[in-house]
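Report on the structure given below.
Each ligand, and each atom within it, is numbered from 1 in the order the structure gives. Every heavy atom of this structure was used, including side-chain atoms; hydrogens, water molecules and symmetry mates were not.
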Amino acid sequence: QSEKPISNRPFPYKIIAHRGASLYAPEHTSAAIEKAIKMNADYVEVDVQLSKDGHPVLFHDLMLDRTTNGTGPIYKQTLNELKKLDAGNWFHPSFYGQKILTLSEALERYQSQIRFLIEIKNPEMYPSIEKQLAKTLTKAVPKSNLNDIIIQSFDLDTVKRLSKMIPQLQTGLICNIHSEISQQEILKWAKHFDYVNPYFLTVNERLVNVLQQTGIKTFPWVIYHPETALKMFSYGVDGIITNDPLLKYTLPTNI
Ligand code: G3P
Ligand code: CA
């Protein structure tokens, strides 16, 4: 399905490929990002952690076991060691040989083809992660393109620290907020963030309205079904984070 050319018809909402097109290829690998690009996603969402020697790498779990042939915590292995692991076979043997990517590699290879939504994962484990990210971003991304990048985290302070180092970056707070959260509370966040990205089950029309009135954009996560996507769009979200960038092709064209 993904090998066929896909028409890039105009679509009013952003499609964010969660860990790449992770329904079709092993999350966070080149294969997953390349599929997201082929499927015309607007952004790729990636999780970033640090190797033992401080390199930002794309990886979701704290442990290597689920998505590689390694074991134990990712931060206990150097980049050299991580690069020896296979990150594709767990998903399907046809992906054997896919590697853990560094953030630099991903940006250098793909930033001209897709935008990046970068999640700072487990910042409490990595005291220097903002400094390392600032170094990587400054080196890999042309200055005039830094404002295409959104950095986000569940941790408000890590986003604030990195944003202070590179003010051009767009910022997002990921949350599991309760839908009855007060307008006042949301307004408090507005000072710090361009995006508030909540778990989709906590999103309702009132919340999206308050965010919009406050000038904050919103990408709920993770959307699997066309009906859920349509519900989110009817609330007025700006886009959806999904493992399946082809979801939009199953929706009517007149939404
Ligand atoms: O973009 C938000 C979403 O990715 C947060 O959940 O666990 O998939 O990183 P997780
Ligand atoms: Ca994530």
What protein N/O/S atoms are there under 3.0 Å from the Ca ion (ligand 2), waters excluded?
Glu45 OE2, Asp47 OD1, Glu119 OE1

Any idea which atoms of ligand 1 are less than 4.0 Å away from a heavy-atom of Arg19?
7 (O), 8 (O), 10 (P)

Looking at His18, which atoms of ligand 1 are within less than 4.0 Å of one of its heavy atoms?
3 (C), 4 (O), 8 (O)

Phe95-Tyr24 aromatic ring centre distance below 6.0 Å:
no

Indicate whether any N or O donor in one side chain lies under 3.5 Å from an N or O acceptor in the other, for Asn40 and Tyr249.
yes

is_close_aromatic(Phe200, Trp221), centroid dist under 6.0 Å
no

Minimum heavy-atom distance between His92 and Ser94, given as atom pair plus value
ND1-OG, 2.7 Å

Near His60 (heavy-atom distance under 4.0 Å), the atoms of ligand 1 are 7 (O), 8 (O), 9 (O), 10 (P)

Can you confirm whether Asp53 is buried at CG, in the sense that more than 12 heavy atoms of other residues, nucleotides or ligands lie under 6.0 Å from that atom?
yes

With heavy atoms under 4.0 Å as the rule, classify the contact between Ile241 and ligand 1 as side chain, backbone, both or neither.
side chain

For ligand 1, is any non-hydrogen atom under 4.0 Å from Asp47's backbone (N, CA, C, O), its side chain (CB onward), both, or neither?
side chain

Given side chain to side chain donor-acceptor pair (under 3.5 Å), test Thr218 with Tyr235 step by step and report yes or no.
CA-CA 11 Å; Thr218 185; Tyr235 295 157; over 6 Å; no

Looking only at atom types and distance, does a side-chain atom of Asn243 sit under 3.5 Å from a main-chain N or O of Ser22, one as donor and one as acceptor?
no

Using a strict 4.0 Å cut-off to heavy atoms of Glu45, name the atoms of ligand 1 that fall inside it.
1 (O), 2 (C), 3 (C), 4 (O)

More than 12 heavy atoms from other groups under 6.0 Å of NZ on Lys160
yes

For ligand 1, which atoms, with element, lie under 4.0 Å from some heavy atom of Lys121?
7 (O), 9 (O), 10 (P)

Gln152 N/O under 3.5 Å from ligand 1 N/O
yes

Compute the ring centroids of Tyr43 and Phe116, then answer whether they are less than 6.0 Å apart.
no

of all protein heavy atoms, closest to atom 5 (C) of ligand 1 is Glu119 OE1, 3.7 Å

Which label fits Tyr75 and Tyr126: parallel for a plane angle under 30°, tilted from 30 to 60°, or perpendicular past 60°?
perpendicular

